[in-house]
Amino acid sequence: MSLTKNPNVLKWVDEMVALTQPDQVVWIDGSEEQLDSLRKEAISTGEMIELNQKELPGCLYHRTLPNDVARVEDRTFICTSKREDAGPTNNWCAPEEMYAKLRPMYDGVMKGRTMYVIPYSMGPIGSPLAKVGVEVTDSIYVVLNMAIMTRMGKAAFENLGDTSNDFVRGLHSKADVDPENRYICQFPEDNTIWSINSAYGGNVLLGKKCFALRIASYQGKNEDWMAEHMLILGLKKPNGEVKYITAAFPSACGKTNLAMLIPPEGYRKDGYEVFTVGDDIAWMKQGEDGRLYAINPENGFFGVAPGTNEKSNYNALASTKKNTIFTNVAINNDDNTVWWEKLDKNPPVNATEWKGAKVNGPEYIAEGNNLAHPNSRFTAPAENCPCISPEFNNPNGVPISAIIFGGRRAKTTPLVYQSFDWNHGTFIGSAVSSETTAAATGAVGVLRHDPMAMKPFCGYHMADYWGHWIKMGKKLGDKAPKIFNVNWFKTDDEGNFIWPGYGDNMRVLDWIIKRCEDEVEAEETAIGYLPKAADLNLAGIEDEVTPEILDKLLEVDKNLWKNEVEDLREFYKQFGDRLPAEISEQLNNLENRLNK
Ligand code: SAT
Ligand code: MN
């Protein structure tokens, strides 16, 4: 039975049914009864494995095919009528051509299968910043993940209303999970996403990267708001005031860890606390008071499991203790619980590795294998998070004081610096490079440009996107958040990280907030404002971060930066005359300052 009278939804679902020809159609109402029967069904077919319900109540395990473990950027397309509108950083195809290519693949693809129709809201139901999507899929795994990651079910349709046409249409079929015919296609002009032949996270949970970033960034440009690959955190000061910060880092560079940070002991004693609003995506719009407000459009965390432990991210680990779906981690067969690299020092002896083979964990690792896939994930409800912000469901979002950019850079980029102003900050964001991670297929550890951490997620021409940033800055004027850049990943000559990171990143957030409140002076350098050494609180880590190491962390090596300028000039060439004049001006200014 359909859950809405909205003729636009009904017509579109009818079309999708006619195309894919499922044996039956199930409308997902979001009720616990319905979800529970889907869980049981998935367990009975082996699609999901029930984990130890005493240790991990409500938790399920899922394994994807070894050829289907990460986002596939080379098979992700932005389909706009004009090639220029997708820009040089996206794969492009004309919409008609892509529809014509994919339609035969979807033709009858759900024969013998069930189509699930998933209504969902990105953002709190009723929020003026929220948007509705409908995903049809032949995967129960998708339904169960969307139930965690979004506000899913009947309420989303109520929010859409009986007549609106403003919803994102998502068609997904796992088909044969054939990597040769895998496509993740966004049609921003049609509010449409078509995904086929994958069953992995970012490729198939269409509310996430496909909608909340690729489609939404395009909508934001046209509607004067911003969709960004950013965590949102609240930092409570001893006086009770909470300051909100967003931060954009590429996938698997620690957004979840920063969003859930536990301050070092000294800070905790003083009364500092960090609250999580979001760990991956921020939608931001100017509020009535002129400031920039952010909501997290998601309702859960799709976090990288390996590396997550009691010490590195207590709150994330705690979030996974119930009602969580684990994908491609290892199973401990002694007690039917989960394990992944760096969870603890005791890999299970009686283990099933992520591809499904029974192995002796310690031996298997000693032979150079991973028990869990490096991009294995947990899908955990936000409400499980011990430090979830009381403002998490605030329909108006939270006011942002600072925006942080960052990436993985072994050299060149100092621990933290502040931009001179909004346009300079936009330039800094556009200039972000980062070493690649396992979150996408392809080589790991290769330095690539990843502007604003949006390279794989910007749904239109990257240079126009920078133009949109500049335009937003003009609107925000002196109410604009301050913009910073951080790098937790600087190494010494042996390749060891020289900044402790994790909870100690609080020390950098502290400086950032002090700068926002004009409480500390800074060192003016060619690249921006850097902390004066004495203004970084290193109490408790003086042994680790000696004055020499701090020097290294805050070093601006002019020669390296001159190389960076050369490289950026080359990088910007591809954008031709769509590159905003403000960006080239910033690059020239940087060069001049370096040559002074
Ligand atoms: O696979 S996802 O895109 O959902 C996660 C990520 O790569 O950031
Ligand atoms: Mn992400």
Side-chain angles (χ1 to χ4, degrees), residues 62 64-65 67-76 120 122 133 135 137 139 141-142 144-146 148-150 170 172 182 184-186 193 195 198-217 227-233 246-260 276-283 296-308 316 325-329 373-380 382 404-408 432 434-442 444 448 450-459:
H62 177 77
T64 65
L65 288 182
N67 73 36
D68 189 34
V69 293
R71 281 182 291 101
V72 278
E73 296 183 359
D74 55 330
R75 310 202 67 96
T76 299
Y120 62 95
M122 297 310 287
E135 174 168 358
T137 177
S139 159
Y141 173 72
V142 168
L144 296 178
N145 273 276
M146 290 292 279
I148 298 171
M149 294 305 297
T150 72
H172 166 248
R182 186 167 294 155
I184 319 297
C185 298
Q186 283 64 207
I193 305 157
S195 161
S198 173
Y200 162 79
N203 297 331
V204 300
L205 309 177
L206 301 186
K208 196 172 178 56
K209 299 300 172 40
C210 302
F211 176 176
L213 288 177
R214 297 194 190 102
I215 299 280
S217 59
E228 301 296 337
H229 193 202
M230 290 177 176
L231 67 93
I232 311 166
L233 67 81
T246 64
F249 310 139
S251 301
C253 288
K255 283 196 299 300
T256 307
N257 292 341
L258 187 65
M260 299 181 188
T276 310
V277 182
D279 79 329
D280 196 37
I281 299 175
W283 284 1
N296 171 11
E298 302 192 283
N299 203 24
F301 310 116
F302 187 64
V304 179
T308 305
I325 297 172
F326 296 93
T327 304
N328 295 340
V329 301
H373 187 276
N375 192 38
S376 55
R377 298 270 172 165
F378 54 79
T379 317
I404 303 176
F405 293 117
R408 278 176 195 265
V432 167
S434 189
E435 290 145 24
T436 51
T437 69
T441 54
V444 167
R448 73 162 184 186
D450 192 350
M452 281 86 170
M454 282 288 276
K455 155 131 200 343
F457 308 121
C458 183

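Start at 1 with the first residue, then count along the sequence. Read the numbers this way: they start at 1 and go in the same order the structure lists the ligands and their atoms.
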Residues in the immediate environment of ligand 1 (any heavy atom closer than 4.0 angstrom) = Arg71, Tyr200, Gly202, Lys208, Lys209, Ser251, Phe302, Arg377, Ala439
Any chance the side chains of Asp450 and Ser434 put a donor and an acceptor closer than 3.5 Å?
-> no
Apex the Mn ion (ligand 2) - arms OD1 from Asp280 and NZ from Lys209 - angle rounded to 10° = 120°
Modelled atom types, side-chain donor and acceptor of Thr441 and Arg75, under 3.5 Å | no
How many angstroms lie between atom SG of Cys210 and atom NE2 of His172, to the nearest 0.5 angstrom?
-> 10.0 Å
In terms of side-chain heavy atoms, does Ser195 have a donor or acceptor partner in Asn203 at a distance below 3.5 Å?
-> no
Asn328 and Tyr200: side-chain donor and acceptor closer than 3.5 Å?
-> no
Is Phe302 close enough to the Mn ion (ligand 2) to have an N, O or S atom under 2.8 Å?
-> no
In terms of the angle between their ring planes, are Phe457 and His229 parallel, tilted or perpendicular, with boundaries placed at 30° and 60°?
-> perpendicular
Look up atom CZ in Phe302 and atom OG1 in Thr327, then write down how far apart they are to the nearest 0.5 Å.
-> 5.5 Å
